[in-house]
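A note on names: the letters A, B, ... follow the listed sequences, proteins ahead of strands, and every chain is numbered from 1. Please read all numbers here as calculations on a predicted model, not as lab measurements.
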Amino acid sequence: MTERDELRESREQKLEQLLALGLPALPNRFGPTRHSAEIKDQYEALEGSVVRVAGRVMARRLMGKAAFAHILDAGGQIQLYFKLDVLGPEQFEYFKLLDLGDLIGAEGTVFKTRTGEVSIQVQNLVLLAKALLPLPEKFHGLSDIETRYRQRYLDLIANDETREIFRIRTAAVRGIRRYLDCLGFVEVETPILQPVYGGAAATPFTTHYNAFDTTVYLRIADELYLKRLIVGGMERVYEISKDFRNEGVSWKHSNEFTMLEFYQAYADYNDIMAEVEDMLSTVAQSVLGTTRVSFRGHEVDLSPPWQRVSIADALRRWADLDIESIEDLGALQEEAARRGVQVAPDTKRGVVIEELVGALVEPHLIEPTFLIDFPVDFPGSLLAKRKAGRPDIAERFEPYIAGMELGNGFTELNEPKDQLRRMQELNHETGENHAEVDWDYIRALEHGMPPTGGVGIGIDRFAMVLAGVDSIRETVLFPPMRPRETPRAES
RNA sequence: GGGGGUGUAGCUCAGCCGGUAGAGCAUCGGACUUUUAAUCCGUGUGUCGUGGGUUCGAGUCCCACCGCCCUCACCA
């Protein structure tokens, strides 16, 4: 028999012994009156009063005729004090049959121990659920990354920092909704299963729609649907959506991720940038109590205004390269190569510039910065409108924090002919794995879309910034993992 | 997909030049009525990721495979 089986058997035996005492156990309902954090925060008001708490046994210290335990609930940990005199022999025996990891309910009086820790002197105790498997070690916790992700519940039980990351993430999403709702934005839901995918540059997941016997794609963005709603007169819409991209994973890419997109009629990209910087700093302030964050080894301040740097200025400043004076593609490729940026000979101008920006500019964008005014022939500029008087420049921006791109926004292209031509050109160039032209979207534009500004923000990445973690997987409760044979639970 | 790293007890880790696998915590038994990484006495613990190979002998060396991490590539 393995050690694990022995542990399980011992715990099952103790459960039977406990049940044999005939005291209440394993009720269908318990009904705690307080969380641990509340009791600690409001100690003065609660001292001496009776409370009911419930949680998981995290530590146990038996001392003959008395004992201490810590339980963990959604508000953190609180200490329980068990005394033979108070509980009586039967209930004290009941307590002694508990294991680390068991879920218990307790009723007792709030007091402070000699060392000043807020505790509960327990008068009544009930086992709510038995843990047949042992908890990770109490001092070092659980640090194996694979186990932390595959069995996230253990990570949440064992590691305070993990609970804090997800508190931050949830609070941030709530803050974003509150912010947009206050500005009159309407939250909507658009299709996840799409017959034509679009709105971003990515390979989709493909599946089959039985009812229509057609191929559909899991959305890579919701942009094109949200702008149809702008055409429909909704004026201010947003969606917080799970998007899916069938591509490689990295510290900042997850195949399944959460994106905020919002669109505002009669606005341009300057309006949207002002809202983005205000929204993100407002949310940081409400979630963390400060706009200063520590991320990827940098201390940065999210307070507005953020810097705005055009692509041309950025390359002049950090790459000593004036792209506006270099018209010849070959010359530009040479200049790129001289700066250590190698591109294939047939690479388009926009892509060469994109490579230059990635290699030479991004690392400098430490303080919150909007990179603005991208060349129109960037693939990523497909849905962005040309600048007035500068048909070669798209009114597009990307927010950066500590060198990481957080999103992508523009003055939306609302001219159907230009949009169609650009989609067809791109379609022609990209060959395999390209999106089809979305004719239904073109038709929507032909009905007239007001001048509109919009943006997509990676929520997981914003959570990384707020929580100060270096991997997107730390901000996703169940990050995608390669399937693995898991041991079946014994019945 | 390429390169690098890693996988040993439930958890956190050690294991030298190839010679019968170790510690702490957890577990189990005992003492202890304000402890808190409780303490003290005693006790048990293994598919060394999987499969091959070399060897008298492999956790250790070699090969392949698997998982995970980092990195590069891919990424309208």
Side-chain angles (χ1 to χ4, degrees), chain A residues 1-11 13-14 58-70 77-87 92 99-101 111-117 119 121 131-151 154 157-158 197-204 220-221 223 245-253 255 348 350-351 354 358 374 376-384 394 396 405 408 422-431 433-438 470-471 473 479 481-486:
Chain A
M1 185 158 43
T2 68
E3 183 181 5
R4 180 157 220 139
D5 291 335
E6 285 170 21
L7 286 166
R8 180 200 297 270
E9 191 153 291
S10 140
R11 283 169 179 245
Q13 278 171 13
K14 286 205 277 185
M58 299 300 287
R60 226 166 57 105
R61 295 178 290 281
L62 258 105
M63 295 178 311
K65 299 186 176 63
F68 290 90
H70 274 94
Q77 294 202 12
I78 192 159
Q79 179 167 265
L80 305 182
Y81 180 45
F82 300 87
K83 229 171 140 175
L84 177 60
D85 302 347
V86 175
L87 286 168
F92 198 71
D99 286 299
L100 289 184
F111 78 110
K112 253 185 197 173
T113 60
R114 190 189 298 164
T115 50
E117 177 163 353
S119 306
Q121 160 119 228
L132 296 176
L133 297 173
L135 239 35
E137 198 230 23
K138 65 179 170 189
F139 187 61
H140 298 93
L142 176 68
S143 61
D144 180 71
I145 290 176
E146 184 176 353
T147 308
R148 288 185 48 232
Y149 293 164
R150 286 192 193 272
Q151 292 178 268
L154 290 180
I157 292 166
Y197 61 92
T203 307
I220 58 174
E223 169 151 10
R245 298 187 180 176
N246 206 346
E247 303 198 349
V249 297
S250 77
W251 62 275
K252 55 181 176 178
H253 293 91
N255 301 94
K348 300 172 51 178
V351 176
E354 195 167 34
F374 290 63
V376 166
D377 62 350
F378 261 42
S381 304
L382 177 71
L383 303 162
R396 173 180 172 208
E405 181 195 336
N408 187 17
R422 280 152 72 174
M423 280 182 169
Q424 283 172 328
E425 269 171 28
L426 189 67
N427 209 332
H428 184 68
E429 286 155 9
T430 44
N433 225 355
H434 61 282
E436 299 165 41
V437 169
D438 191 337
D470 289 347
S471 168
R473 294 151 81 83
M481 301 284 276
R482 190 176 295 278
R484 205 179 183 194
E485 212 176 304
T486 50

Protein N or O to nucleotides 68-70 of chain B N or O, pairs below 3.5 Å:
residue: rC68(B); atom: OP1; partner: Arg150(A); partner atom: NH2; Å: 3.4
residue: rC68(B); atom: OP1; partner: Arg482(A); partner atom: N; Å: 3.0
residue: rC68(B); atom: OP2; partner: Arg482(A); partner atom: NE; Å: 3.4
residue: rC68(B); atom: O4'; partner: Glu146(A); partner atom: OE1; Å: 2.9
residue: rC69(B); atom: OP1; partner: Arg473(A); partner atom: NE; Å: 3.0
residue: rC69(B); atom: OP1; partner: Arg473(A); partner atom: NH2; Å: 2.6

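Remark: the separation of the P atoms in rC74(B) and rC68(B) is 23 Å, to the nearest Å. Nucleotides rG52(B) and rU60(B), compared at atom P, are 14 Å apart to the nearest Å. Between rA21(B) and rG29(B), the distance separating the two P atoms is 29 Å to the nearest Å. Rounded to whole Å, the C1' atom of rG46(B) lies 12 Å from the corresponding atom of rG10(B). Across rU43(B) and rU71(B), the matching C1' atoms stand 47 Å from one another, rounded to whole Å. Comparing the same atom, P, in rG24(B) and in rU34(B) gives a spacing of 28 Å after rounding to whole Å. Annotation: rC70(B) and rA38(B) have their P atoms spaced 32 Å apart (nearest Å). Taking atom C1' in both rC56(B) and rG1(B), one finds a spacing of 43 Å when rounded to whole Å.
Comparing atom distances between the Tyr81(A) side chain and each of rA37(B), rU33(B), rA76(B) picks out rU33(B) as nearest. The side chain of Leu100(A) lies closest to rU27(B), out of rA76(B), rU35(B), rU27(B). Minimum atom distance to the side chain of Ala202(A) is reached by rC75(B), of the listed rC75(B), rA76(B), rU33(B). Relative to the side chain of Ala66(A), the nucleotides rA76(B), rU27(B), rU33(B) differ in distance, and rU33(B) lies closest. The side chain of Lys83(A) lies closest to rU33(B) when the candidates are rU35(B), rC28(B), rU33(B).
When each of Pro136(A) and Arg11(A) is assigned the nucleotide of RNA chain B with its nearest heavy atom, Pro136(A) is the one assigned upstream, toward the 5' end.
For the pair Gln151(A) CD and rG67(B) C1', the computed distance is 14 Å after rounding to whole Å. Here the C1' atom of nucleotide rU34(B) and the CZ atom of Phe82(A) are 14 Å apart, to the nearest Å. With rounding to whole Å, Leu62(A) atom CG is found 10 Å from rC32(B) atom C1'. One interatomic measurement links the two molecules: NE2 of His253(A) to P of rC75(B), which rounds to 11 Å at whole-angstrom precision. Atom CZ in Phe68(A) sits about 13 Å away from atom P in rA37(B), given to the nearest Å. Counting to the nearest Å, the C1' atom of rA76(B) and the CZ atom of Phe374(A) are 13 Å from each other. Residue Arg60(A) contributes atom CZ, which lies 15 Å from atom P of rU39(B) at whole-angstrom precision.
Nucleic acid contact for Leu383(A): none, since no nucleic acid atom lies under 4.0 Å from a heavy atom of the residue. As judged by a 4.0 angstrom heavy-atom cut-off over every strand, Ala200(A) is placed among the base-contacting residues. Among the heavy atoms of the strands, none lies under 4.0 Å from Leu84(A). Nucleic acid contact for Phe111(A): base, since at least one base atom lies under 4.0 Å from a heavy atom of the residue. Using a 4.0 Å heavy-atom cutoff across all strands shown, Asp99(A) reaches sugar-phosphate atoms only and no base atom. Nucleic acid contact class of Lys14(A) (heavy atoms, under 4.0 Å, all strands): sugar-phosphate only. Across all strands shown, Thr113(A) has heavy atoms under 4.0 Å from base atoms, whether or not it also approaches the sugar-phosphate.
Remark: the backbone N or O of Thr203(A) is not paired with any side-chain donor or acceptor of Asn246(A) at under 3.5 angstrom. Between the Ser381(A) side chain and the Ala384(A) main chain, no donor and acceptor come within less than 3.5 Å of each other. With hydrogens and angles ignored, the 3.5 Å screen pairs no side-chain donor or acceptor of Asn255(A) with any backbone N or O of Val249(A). In this structure, Arg422(A) contributes its side chain and Val376(A) its backbone to no donor-acceptor pair below 3.5 Å.
Remark: Lys138(A) is not in phosphate contact with rG24(B), judged by side-chain N or O atoms under 4.0 Å from OP1 or OP2. The shortest distance between the side-chain N/O atoms of Arg422(A) and the OP1/OP2 oxygens of rA76(B) is not below 4.0 Å. Regarding contacts with the backbone of rU35(B), every side-chain N or O of Arg61(A) stays at 4.0 angstrom or more from both OP1 and OP2.
The base-pairing partner of rG1(B), taking Watson-Crick or G-U wobble contacts with both distances under 3.5 Å, is rC72(B). Pairing for rG24(B) is with rC11(B), a Watson-Crick or G-U wobble pair whose two hydrogen-bonding atom distances lie under 3.5 Å. The partner of rC16(B) is absent, by the rule that a Watson-Crick or G-U pair needs both atom distances under 3.5 Å. Of the nucleotides present, rU6(B) is the one that pairs with rG67(B) by Watson-Crick or G-U wobble criteria, both distances under 3.5 Å.
Between the side chain of Glu117(A) and the base of rU34(B), no donor-acceptor pair under 3.5 Å is found. At a cut-off of 3.5 angstrom, the base of rU27(B) holds no donor-acceptor pair with the side chain of Ser10(A).
Ring geometry, Phe111(A) versus Tyr81(A): the interplanar angle falls from 30° to 60°, so the pair is classed tilted.
Remark: Arg8(A) CZ to Leu133(A) CG distance equals 5.0 Å, nearest 0.5 Å. If you take CZ on Phe92(A) and NZ on Lys65(A), they are separated by 9.0 Å, rounding to the nearest 0.5 Å. Considering CD of Gln151(A) and CD of Glu146(A), their distance stands at 9.5 Å, rounded to 0.5 Å. The CZ atom of Arg473(A) lies 5.5 Å from the CE atom of Met481(A); values are rounded to the nearest 0.5 Å.
Taking all atoms of both residues into account, the shortest heavy-atom contact from Ala200(A) to Arg245(A) is CB-NH2, 3.1 Å.
Taking syn as a glycosidic angle within 90° of 0, rC65(B) does not qualify and is anti.
Remark: the Asn408(A) side chain and the Arg396(A) side chain contain an N/O donor-acceptor pair separated by less than 3.5 Å.
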